[in-house]
Amino acid sequence: MDRRLLSRLHAILDPADVLAGRVERLLYDGDSQRLARRTPEVVLLPRSAEQTAAVVRLAREMGVPLTARGAGTGLSGGAVPAQGSWVVSFTRMRRILSLDPAARQAWVEPGLVNRELQEAAAPHGLRFAPDPSSQTVSTLGGNLAENAGGPHCFRSGVTTQHLLGLEIVDDAGEIHHLGGDWPGGDPLDAVGLLAGSEGTLALVTAMGLRLVPLPEAVATLLAPFAGLEAACAAVSELLEAGLRPAAVEILDAEAIRAVEASVFHAGWPENAEAVVLLELEGPPAAVAAGRRTLREHLGGHGALRVEEAESPETRLLLWRGRKGAFGALGRLYRDISVQDICVPISRLPEAVRRVVEIVRAQDLPVANTFHAGDGNLHPNIGYDRDDPDQRRRLHLATEGIMRLAVELGGTLSGEHGIGLEKSAWLPLALSAADRHPQLALKAALDPQGRFNPGKIFPAADAPAPGRFLHVLEGPARPTAEEDPRFHRPGREGELAELLADEAGRGRLLLASGARLREELPELPGPVHDIVSLASLQGILEHARADFTVTVRAGTPWSELQAALAEAGQELDWEVSFPDRRSVGGVVASDESWPFRAGQRSPRDRLLGLAGLLAHGEAFRAGGRVVKNVTGYDLPRLLAGSRGALAVLTRLTLRTRPLPEVRRLLLLAYTDREAAQAAAFRVYAELDDPAGVILAPPGLDLPGLPRAWRVGLRLEGDAVTVDAADRGARDRLSRAGLAPAEVAAEEDRAGPWLETLRDFPRPPRPGQPRVLRELRAGPRRLLDCLPYLGERWVLDLAGLRLRLAGEDGDWLSPGPLTGGRALERCAVLNTQGAEGPSRFRGLAGRPWLERVLHAMDPEGRLAPGRWLLG
Amino acid sequence: MAEPRFDTRECVVCGLCLEVCPTYHLRRDEGSGPRGRLRLMDLLEAGDPDRGVWDRYLRECVGCLACQACCPAGVPYGSLLDRAQVRLAANRRAGPIARRLEAWILDGLLTRPARLRRWRPLLAVLGVLRLLELPLWLGLHRLPGLQWLVGLRWIPRRLPRGPAAPPPRPGAPHLFFPGCVSGLLHRAEERAALRLLDAHGGYDLIGGWACCGAIHQHLGRAEVARDLARRNIAAFETRPGLIVTQTAGCGAALKEYARWLADDPAWAARARRFSERVRDLSEVLDPAVLAAAPGLDRPRRVAYDDPCHAIHAQGIAAGPRALLDAVAGLERVEMDHPERCCGAGGTYFLRQRALSSAMIGEKLAELRATGAKELLTANTGCRLQWEKAVREADLPVAVRHPAELWAEALDGGGKRSGGEMSG
């Protein structure tokens with residue numbers, strides 16, 4: 001490396017954090033996917049965000065690409081440097097910046113190892129839910145980059161579902177803060193966009209993470225099967241029957257042999273062709289009941305027997321073996337290539353059978369260890385990288401697996417990423433039209449292709465600056481009196497034509513689910529045309545066995561829920577005024593109220609979509625599987641964007657079985673302090689309640705005496721709900737926070753739920769009403785309650801507070817000024833529909849504006865739909 | 001399962017070893033972890049010219065074998081490291097005086113343990129007179145080739161002998177293998193081991209034994225190590241019985257003779273038979289015997305620190321703990337990471353002082369957190385490292401071999417007969 005450049009790097013970083021020697025650099029030439037390697041020009045190990053930013057600025061000045069790297073345990077070649085790249089290794093940024101056990105949140109640096117966070121959280125009875133097999137060494141930054149999952153994400157969700165906020169360095173070397181101390185960005189989930197972006201959009205220098213309580217009880221079952229396909233079929237049927245263990249894994253005979261021969265031997269049944277490993281978590285009573293049900297089910301579906309881990313030590317051993325399987329296979333294979341396709345769960349048996357056939361047809365050995373519950377396969381293919389013919393055959397087998405995934409309605413990668421390895425096959429899953437918005441995002445956020453070039457997208461897609469920006473003259477502004485035209489296309493084609501046609505005239509356009517012009521709220525600003533999607537309705541496919549439903553955007557929300565309920569399923573979140581909403585509207589506004597706990601929100605449940613860009617270009621994003629790291633997470637970005645990025649036409653959502661019981665407990669307290677303390681305790685300690693809310697006496701709950709109310713929503717089978725109910729009451733009593741009185745409601749359309757859900761009520765004519773929403777960390781939200789009067793509801797689990805107001809002023813005195821908090825303000829019409837949203841305290845605004853610009857460069861769509869205040 | 005191919009290609013780069021590597025833990029760069037070091041060994045084998053870098057990184061490996069013990073693919077890291085050490089030793093630049101001194105100490109002094117023990121009275125007197133560090137005060141360790149004199153800081157200030165051991169019994173089932181340095185500096189520990197063996201059927205001593213060769217092997221003096229191995233094999237072949245040592249480093253080396261001599265047709269089979277007879281002291285003791293003994297006269301809180309050459313090289317971790325738990329009146333507490341290396345590593349503490357002191361520094365903090373009053377460890381290097389750290393930190397903790405405690409329990413004693421305590 002050039003001496004002058006080196007001295008400039010030494011001015012930024014401690015010389016010990018700059019590895020410029022040939023041999024040292026050589027050690028950073030790739031990751032655990034070993035086919036592609038390239039030695040970087042230099043390896044930089046920054047220790048702060050400021051250093052990272054300075055590195056980016058220097059790289060920009062020098063025109064050098066950067067490849068971010070964690071522990072180098074990736075399996076798709078994501079950390080292989082590009083030609084001339086500098087590697088930025090985050091392993092020395094490994095501090096826990098803060099850990100607030102009661103708030104269940106931690107801020108960490110990206111080089112912290114997943115295990116180190118687990119070790120820090122465990123003494124507080126908490127854990128970080130994503131548990132990839134590499135977790136003992138992989139960094140949280142790496143987990144973020146690949147949107148890592150792991151066995152327990154079947155119950156708890158993948159990395160993106162546990163992110164709060166981020167600190168990033170953009171391509172200009174500027175530091176931005178995105179999101180905050182609450183899940184899901186608003187209005188654009190820029191945090192979610194970065195999850196799974198494989199280091200191609202920005203460098204992450206700090207992460208806010210959600211922690212969850214350790215389960216009260218755990219049971220681990222092992223069920224050997226005589227055949228791999230039989231094991232898969234048993235799992236498919238188990239899920240279809242509505243059983244929901246915390247983790248469902250399968251190992252085949254070859255994998256078991258390798259594990260048993262290694263240091264991880266744990267007494268796996270060696271004579272079986274496949275073993276299903278199941279884990280149950282929850283209150284002890286629920287675990288005991290679930291264990292019985294599972295045993296019966298497995299016994300009835302071909303399990304040779306069902307064993308159970310007797311002690312925590314055995315359980316640990318089994319999991320260590322499962323997670324060390326990749327390494328253990330190193331005993332059998334010279335080199336290993338792990339594939340990562342994800343298929344709809346009903347196709348799992350077929351997928352596994354055909355994957356094995358495809359690999360064997362190339363005369364290569366294969367062992368399977370995979371996350372069966374998610375339909376996420378991990379065929380481990382043995383080969384010898386020094387043998388060109390084996391490499392060729394591996395390539396053919398991999399391509400066959402890619403094609404199979406697409407054929408079965410699945411996706412190329414569930415949690416390892418496309419990386420370098422699969423980029424050439426991305427077009428199988430995403431057509432040029434589908435890649436268009438993705439590449440536009442890349443071009444807008446990293447116009448010079450600085451961050452991790454060569455990954456995700458095929459080489460021919462390499463973004464050139466300006467290539468995707470149709471820079472036309474700005475759209476004409478309508479005059480004040482001009483009344484927008486109201487369109488209600490009956491077909492998607494018509495809608496596309498409309499968009500394309502209007503394009504030439506640069507007209508501003510608002511998409512809406514409203515049937516009639518009169519139903520529209522206050523218009524957000526200058527608009528020429530209103531396009532109603534109300535005629536584009538209907539359920540296209542309810543794949544019951546796969547727990548997905550695909551609908552047209554204009555489908556009324558209640559109709560969809562009713563149709564799903566008939567089939568014994570549902571979408572698992574509530575929305576205010578359900579009878580007046582379309583599915584598209586719910587998704588576009590990320591509406592989930594008042595129980596946005598865990599993953600009960602459109603952002604977390606939207607698996608795939610079809611939509612139209614500003615000029616009518618059709619595209620698809622996501623898919624029908626629950627884990628997907630195939631390109632950027634557009635569904636997450638579009639959910640909640642309020643129509644400003646694209647017009648959504650079809651949506652694929654994740655359903656779940658109807659819970660046997662749905663209980664709303666309303667605990668009465670006479671004073672605010674006690675109510676607040678009780679709510680916070682429930683929030684901090686309960687393992688995955690479906691909702692925790694707090695309401696002041698001013699909220700009139702029909703038939704209930706005035707009191708401060710802590711609401712606790714519980715869902716599931718009767719045993720689980722009863723156990724959680726008892727558990728919560730016991731905890732509160734023990735803490736001296738026993739409620740004065742308890743009311744319970746089990747009806748989905750009960751009056752108390754309705755009051756909470758449809759808060760605030762729409763105004764009567766002539767009475768202005770404003771909806772204000774606050775988002776912040778739990779302590780901050782609770783701290784501001786004394787200032788808010790008595791017309792609000794706090795969704796503590798969702799970290800959101802809705803407040804009814806008369807005017808659109810910001811809250812004053814500003815209990816939320818300074819620090820991380822977001823305030824949204826929208827005028828309601830008499831139908832309860834929200835007018836344009838204004839935001840205060842929005843983090844990372846310049847970055848968000850680039851996202852907006854990427855998708856809709858002229859600002860045609862939903863102009864003023866949300867204002868960055 | 002196929003025989004290990006003795007090849008860095010066994011590694012599939014899964015990276016699980018990074019978790020347990022003490023130098024990666026501190027440094028967080030590839031060259032400081034096993035995965036990177038295996039790549040460096042390849043370069044070394046291939047005759048890579050960029051000596052400065054791989055030489056430095058490989059020398060920084062403490063050789064704790066934690067990576068080998070956790071490697072799911074079964075990479076024989078220890079063997080690969082030994083092979084690399086031979087090449088590194090050949091590459092070493094050192095002046096003629098330094099080389100001579102080194103040879104005198106390693107190949108002379110250390111190979112004749114009986115003669116080594118004669119230095120004990122001198123060291124004991126110097127310790128009492130607080131003159132052990134005299135050469136350091138004079139600055140001799142700053143002279144080229146004499147840096148190793150700082151090792152004087154690791155010599156205990158008191159060298160208690162402990163209660164006399166019962167005499168050997170000819171024909172007993174255990175043949176005791178005495179460690180060279182432990183016999184010199186930790187006589188109490190050795191006598192305690194003999195007392196314990198006496199209670200388990202008796203022991204016998206044998207003539208003609210030599211240093212186990214661990215130090216030589218790990219410093220790349222493989223030929224010297226093999227010679228020592230042959231001497232020990234020949235000496236112990238004459239008599240049946242288990243070969244027992246209380247020092248983890250020696251035990252690990254003795255158990256490895258089979259591998260050291262695997263390619264020597266005349267000795268391979270004999271070495272295998274020898275290694276099969278080797279046992280760590282904790283492997284021959286019976287918790288029931290300790291449980292039936294009177295136990296300690298007053299309750300004590302102790303922490304057991306796993307020597308790498310016990311836990312990683314020999315897989316010994318549960319045994320000593322079970323034996324401690326059998327002792328009445330003993331409260332055993334765990335440090336957060338008892339399995340992590342203390343940084344002693346044979347001569348590592350002299351060769352890599354910064355890394356070594358960072359390692360013991362973290363362990364010391366863990367020890368403080370336990371509130372233990374005794375720190376037990378079953379290897380000479382680890383014990384010296386702990387003794388120095390505890391002394392310098394002025395911590396009221398006695399560092400001892402667990403055998404001393406077990407022996408006390410047998411006799412119902414609580415006399416502080418051994419161990420170094422400061423404060």
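These numbers come from the heavy atoms of this one structure, side chains and all, not from hydrogens, waters or symmetry mates. Letters A, B, ... mirror the listed sequences (proteins, then strands); counts begin at 1.
Between chain B and the options A:D31, A:D17, A:D386, heavy-atom pairs under 4.5 Å are most frequent for A:D386. Comparing A:D29, A:L19, A:L45 by how many heavy-atom pairs each has under 4.5 Å with chain B, the most go to A:D29. Each of A:V43, A:V259, A:L329, A:T73 has some count of heavy-atom pairs under 4.5 Å with chain B, and the biggest count is that of A:T73. Of the listed residues (B:V75, B:D336, B:D48), the greatest number of heavy-atom pairs within a distance under 4.5 Å of chain A belongs to B:D48. Options A:G72, A:G21, A:A16 differ in how many heavy-atom pairs under 4.5 Å they form with chain B, and the most are formed by A:G72. Ranked by non-hydrogen atom pairs under 4.5 Å with chain A, the options B:C71, B:P72, B:C14 are led by B:P72.
With a threshold of 4.5 angstrom between heavy atoms, A:Q33 does not approach chain B through any atom at all. Proximity to chain B (any heavy atom under 4.5 Å) is restricted, for A:R69, to the side chain, taken from C-beta onward. Interface remark: B:L43 contributes side-chain atoms only to the contact with chain A (heavy atom separation under 4.5 Å). Using a 4.5 Å cut-off between heavy atoms, A:R94 touches chain B through its side chain atoms alone. Contact of A:F264 with chain B is made through the side chain alone, with heavy-atom distances under 4.5 Å. There is no contact between B:R37 and chain A, counting heavy-atom distances below 4.5 Å.
Classification of A:E109 and B:R28 as a salt-bridged pair fails, no side-chain N sitting under 4.0 Å from a carboxylate O. Looking at B:R321 and B:D325, no side-chain N of the basic residue comes within less than 4.0 Å of a carboxylate O on the acidic one, giving no salt bridge.
Between B:Y257 and B:W260, the gap from one ring centroid to the other is short of 6.0 Å.
In this structure, the side chains of B:C61 and B:T23 stay at 4.5 Å or more apart for every pair of heavy atoms.
Other residues, nucleotides and ligands contribute over 12 non-hydrogen atoms within 6.0 Å of the CZ atom of A:R22. For B:R56, the CZ atom sits in a packed shell: over 12 heavy atoms of surrounding residues, nucleotides or ligands are nearer than 6.0 Å.
Judged purely by distance below 3.5 Å, without hydrogens or angles, the side chains of B:E256 and B:H309 never pair a donor atom with an acceptor atom. If you check the side chains of B:D29 and A:T91, you find no donor sitting under 3.5 Å from an acceptor.
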